[in-house]
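Proteins get letters first, then strands, A, B, ... in listed order; numbering begins at 1 in each.
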Amino acid sequence: MVTAGQPQLLLGDLLERARREIPAAGADELEAQRVRLLGRKGELSALLRGMGALPAGERPAAGAAVNAARDEIEALLTARREAILREARAAELGGAPIDVTLPGRRIAARGRRHPVSEAQDDLVEILARMGYEVAEGPEIELDYYNFEALNMPPDHPARDMQDTFYVRPPAGARTAGPILLRTHTSPVQIRTMLARPPPVRICSPGKVYRRDDDPTHSPMFHQIEVLCVDRDITFGHLAGTLDAFVRGFFGEDFRVRLRPSYFPFVEPGAEVDVTCTFCLGKGCRTCKGSGFVEVLGAGLVHPRVLRAVGYDPEEVSGFAFGCGIDRLAMLRSGIDDLRLFFENDLRFLEQA
Amino acid sequence: MRISLAWLADLVALPPAAELAEGLTFAGLEVERIEEVGDDTVFEINVTPNRADCLSHLGIAREVSARIGAPLRAPPRGSLPRAFPGPQQALSAGRGGDLLPRAPAGASPVSRGAGDGAGEAGPGSLPAWLARVPAPPRIDAPDRCGRYLGQAIAAPGKGAFAAPSPPWMQARLAACGVRPIGLAVDVTNYVMLELGQPLHAFDLSAVQAIVVRTSREGERLRTLDGNAPRLVPGDLLICDGERPIALAGVMGGEASAVTEESSALYLEAAWFAPEGIRRTARRLSLHTESSHRFERGVDPKLPERALERAVRLLFGAVAGLTAAPPQAAEGRLPSRRPVVLRFARVGRLLGAEVPAEESRRWLGALGFVEERRDEREVELAVPSWRFDVDGEVDLVEEIARLRGYDRIAPSLPGSGRPPAAPAWQRPLALARAVFSAHGFHEAVHYSFVSRGDGDPAAPVELENPLGDEQAALRGSLLPGLCGSLRRALAHLPQVAGRPPAVRLYESGRTYGWPAADERTTGPARERWRLSCLAYGPRSPVDWGRGRGGEPVDFFDMKGLVEGLAEALGLPAAFAPSASPWLHPRQAASLTIGGREAGVLGELHPDLAERFELPRGVFVAELSADLLLAAYRPPRFSGVPKFPAVLRDLALVVAGDVTAAQVEAALREAGGALLEAAVLFDLYAGPPLPEGHRSLAYSLRFRAADRTLTDAEVAAVHAAIVAAAREKLGARLRG
């Protein structure tokens with residue numbers, strides 16, 4: 001039998017118990033409490049159902065009391081739930097730290113660039129900024145492009161400066177003269193000039209071959225050559241371009257110095273020295289105390305070369321320079337044996 | 001070229017050594033080394049091949065004189081003296097100062113050496129040996145021998161010409177790196193080093209009548225080095241009548257050499273055409289001091305002076321010599337044309353203001369003689385020793401180098417058209433980034449491989465390789481990569497018992513001969529390849545859960561290649577390959593747009609054995625030409641607006657049904673609604689029937705314009721299942 005006072009009384013007990021038990025409940029217990037108190041078949045629902053027996057005048061007050069109790073219980077549950085999460089987070093954060101000094105883990109080791117190909121990219125980029133586009137050509141060349149068109153006819157003593165590998169022509173083939181491995185990338189200049197009229201501004205990077213093998217010469221190495229042909233190109237332009245090229249690669253503090261020299265395809269010709277990278281110009285063993293190391297060959301394009309490609313030396317002039325990319329890379333990165341570049345020892349490559 | 005400063009000081013007044021070295025270096029005669037030899041200082045000068053005139057002390061003295069303006073103290077020119085000085089005079093002449101006293105006027109044509117007094121022997125007292133003075137020389141190859149001078153000299157007895165030369169002469173020769181041998185040879189070397197004219201001394205008994213001619217097929221001559229090279233037509237010979245006695249300009253013959261037994265000499269001073277000397281010297285690998293000079297060019301006016309100098313030195317060293325008059329024969333010398341210099345051209349080429357007066361002054365100092373001049377230009381006769389000068393631009397260089405290159409102000413040419421980047425630049429960078437991200441180091445190998453012996457992989461062979469290992473050019477990048485792997489395995493340590501992980505790639509050319517109808521830029525076919533090699537654990541060893549242990553397999557390599565294709569925006573297709581490089585069961589070809597772009601797979605076990613490698617080496621060789629040219633920059637298309645629906649599907653198929661076939665069936669039946677099909681499981685074994693396998697896909701469906709309904713997805717899913725059953729005999733895995 002239900003009396004008028006009973007629901008309130010029961011509600012009071014229920015609340016009191018909730019206020020006592022919820023703040024002490026664990027995570028699992030909390031859900032059980034919610035179901036027992038607020039669930040569809042829970043205690044509050046039972047109380048609500050019991051209110052149908054109350055006189056009509058008492059029902060609103062009793063309903064309000066039940067709703068207020070529900071709100072309070074929900075707030076208690078929420079507060080406890082949050083408290084549990086906070087405690088758990090605090091417990092997690094308060095534990096012993098991991099050993100952050102253990103080695104990091106790689107999905108893959110980083111692959112490195114080869115120092116020579118990287119230097120080549122750098123040089124091409126420096127020259128691109130100065131208006132030079134990349135030109136390429138065959139490594140297996142005809143004697144004509146490698147020597148003759150460059151003012152080195154057969155039996156020219158300057159051919160001794162570049163000891164040459166010759167290629168055995170395929171059986172039965174008729175070839176336009178001896179076939180060789182290019183000794184410099186200059187044949188690319190010839191092929192380019194033959195293919196188009198001036199002005200020409202190109203750089204030609206690539207592999208070249210000479211019949212040499214010692215710590216400073218390898219039978220294969222890399223060269224980049226620069227050619228600029230236009231109206232009124234002067235030796236002063238050559239000097240200025242070399243200066244910008246060298247500073248671009250080594251740094252602003254580096255200087256170039258030109259000495260007269262001889263290459264059959266240029267006139268006047270020059271050897272180009274660059275501030276020694278080891279002592280920065282102070283003088284050391286590498287530069288024999290001079291503060292400079294010999295790095296490039298340069299000059300104004302010989303009129304005979306211009307004529308050989310159909311240019312008129314009275315109309316246009318040009319300069320050309322070239323250097324070993326490997327040598328530049330050695331100087332920049334402190335490598336003293338050229339052959340390291342081609343042994344591909346992982347212990348070397350991994351240093352990049 | 002070694003230059004003694006004491007000797008040089010005989011010929012020109014010198015500044016201090018350091019200053020001199022710098023002056024020469026910046027005039028184009030690089031002083032590479034400075035060495036103290038006794039009281040003397042020796043410069044090692046790098047003489048470029050165009051400056052044969054500087055292969056002597058006289059030549060360097062000329063340069064010093066031109067550069068600093070000090071007057072040259074060269075031996076007097078003029079005709080051959082009729083009489084020769086006594087030993088004391090020659091000695092002092094050799095050491096500098098007043099070089100050569102003038103010959104007394106009216107001296108007899110045949111002279112006698114020290115002790116007898118110059119001019120003492122008159123025509124009436126000719127010695128008996130004069131009867132054996134050879135007939136005048138004859139030049140049968142006038143284009144090859146421009147001049148030939150000879151002179152007979154006799155000593156009172158045997159041995160004088162093989163005796164040691166005076167100590168001062170030996171000292172100078174030694175300072176210049178020439179070993180003293182005996183008087184006659186030393187004198188010829190001395191004159192060559194002083195003046196630049198190679199001389200040769202024959203034993204007079206071997207010379208009856210000098211004939212200069214070219215060789216006939218099969219002739220032989222035993223030369224001073226003891227060899228008897230086979231001669232070919234075109235080699236130039238000095239003959240005694242018919243019999244060859246010297247390889248002209250290269251090396252003397254053994255039989256006509258001056259020995260202890262010699263009592264008389266025949267001294268030769270000649271001019272030989274450079275190209276022929278060079279051909280012979282190169283073919284026979286006989287590089288001598290003489291050929292070195294002749295092939296670069298010797299002053300054709302030098303023979304008289306050199307002969308005179310040599311005779312004087314001999315007379316100075318040995319008492320009682322007698323000399324017959326010099327004999328001469330003339331061939332054809334190359335004609336030298338004067339060169340015109342337009343004064344304005346100097347500044348226009350150099351980019352510097354050079355007054356006409358200055359240009360004239362420098363050229364005058366170098367011995368150029370003005371033949372005609374107005375205010376615009378000057379015509380100059382080229383000195384006989386300057387073979388290298390035959391055009392205006394050569395004169396410009398002379399002016400520039402004597403002024404100093406440092407006096408030309410650097411500037412930059414005006415900017416031209418901005419350059420186009422090569423089409424391969426961006427895709428190559430993308431490909432490199434993929435390799436790098438996968439841990440591949442870049443390698444650069446020699447293009448050389450060992451001779452192919454008809455191996456079609458390396459058909460291009462060298463005529464003159466450095467060795468058998470470098471006798472051919474590579475037809476593939478794989479041998480280089482395999483070689484580096486072998487070396488790496490020899491020295492890289494194991495980690496935790498696992499083999500080292502090796503990842504290498506290379507971008508480079510391979511070489512072959514073109515097919516008959518194939519067009520190539522150069523004489524050979526050069527192809528650009530991108531190749532790589534992987535061996536060892538898939539990922540680096542770490543301390544975690546023992547990861548990084550599993551070795552790489554075919555699908556790691558395929559994943560890399562797929563990554564490359566994806567980076568380049570290229571749809572890649574793979575099919576089994578029969579590449580001889582690869583394990584026949586683990587080999588695939590890559591196809592891009594219907595063209596084969598490379599192969600990948602496990603290195604063939606036979607090849608692994610040949611390269612001394614373990615199994616489990618995976619390689620790829622791709623065509624960079626094709627891949628980089630096919631590059632397509634990415635295109636973007638926003639993100640989907642409607643949700644995707646995911647369904648899993650496991651199909652059981654017979655073992656010979658490929659994944660590509662299954663996927664093709666899925667895609668065809670799935671149509672536009674099937675956005676992706678990701679294989680997430682592959683299973684074979686019980687309870688599946690023998691020889692069958694199950695492929696489980698996660699399918700993603702999406703429509704671009706609406707949210708798919710369950711009914712739509714169910715319909716397309718059913719269509720996929722039906723298609724797989726009909727085409728491939730697939731059934732759903734229960």
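Heavy atoms closer than 4.5 Å to chain B are found in both the backbone and the side chain of S261(A). Using a 4.5 Å cut-off between heavy atoms, E139(A) contacts chain B through both its backbone and its side chain. For chain B, the nearby parts of S218(A) are the backbone and the side chain; heavy atoms of each come within less than 4.5 Å. Neither the backbone nor the side chain of R129(A) comes within contact range of chain B; no heavy atoms are under 4.5 Å apart. Only the side chain of R201(A) comes within contact range of chain B, judged by heavy atoms closer than 4.5 Å. Neither the backbone nor the side chain of P199(A) comes within contact range of chain B; no heavy atoms are under 4.5 Å apart. For R432(B), the part sitting under 4.5 Å from any heavy atom of chain A is the side chain, from C-beta outward, and nothing else. Residue contact with chain B, scored on non-hydrogen atoms closer than 4.5 Å, involves the side chain of H222(A) exclusively. Interface residue D212(A): only backbone heavy atoms are found under 4.5 Å from chain B.
Contacts with chain B were tallied for D121(A), L102(A), D213(A); L102(A) has the most, counting heavy-atom pairs under 4.5 Å. Among the candidates E314(A), E350(A), E133(A), the residue making the largest number of heavy-atom pairs closer than 4.5 Å to chain B is E314(A). The candidate from L238(A), I179(A), V124(A) with the greatest count of non-hydrogen atom pairs under 4.5 Å with chain B is I179(A). Per-residue counts of heavy-atom pairs under 4.5 Å with chain B were compared for Y166(A), F319(A), Y132(A); the largest is that of Y166(A). Of the listed residues (G104(A), S117(A), A128(A), P169(A)), the greatest number of heavy-atom pairs within a distance under 4.5 Å of chain B belongs to S117(A). For chain B, the option among L180(A), V167(A), L300(A), V116(A) with the highest count of heavy-atom pairs below 4.5 Å is V167(A). Among the candidates D406(B), I408(B), L481(B), the residue making the largest number of heavy-atom pairs closer than 4.5 Å to chain A is I408(B). When each of L428(B), V396(B), L504(B), T25(B) is checked for heavy-atom pairs under 4.5 Å with chain A, T25(B) comes out on top.
Within the cation-pi definition used here (under 6.0 Å to the ring centroid, within 45° of the axis), R182(A) does not qualify as a partner of Y145(A).
Salt-bridge check for R279(B) with E275(B): failed, with every basic side-chain N at 4.0 Å or more from each acidic carboxylate O.
Heavy-atom contacts from other residues, nucleotides or ligands closer than 6.0 Å to CD of E32(B) number more than 12.
Applying the side chain to side chain donor-acceptor pair (under 3.5 Å) test to S415(B) and every residue at least two apart in sequence or in another chain returns nothing.
Applying the side-chain hydrogen bond (donor to acceptor under 3.5 Å, both in side chains) test to pairs two or more places apart or on separate chains, those with a residue in residues 482-491 of chain B are D345(A)-H491(B), R347(A)-H491(B), H445(B)-S484(B), S484(B)-R487(B).
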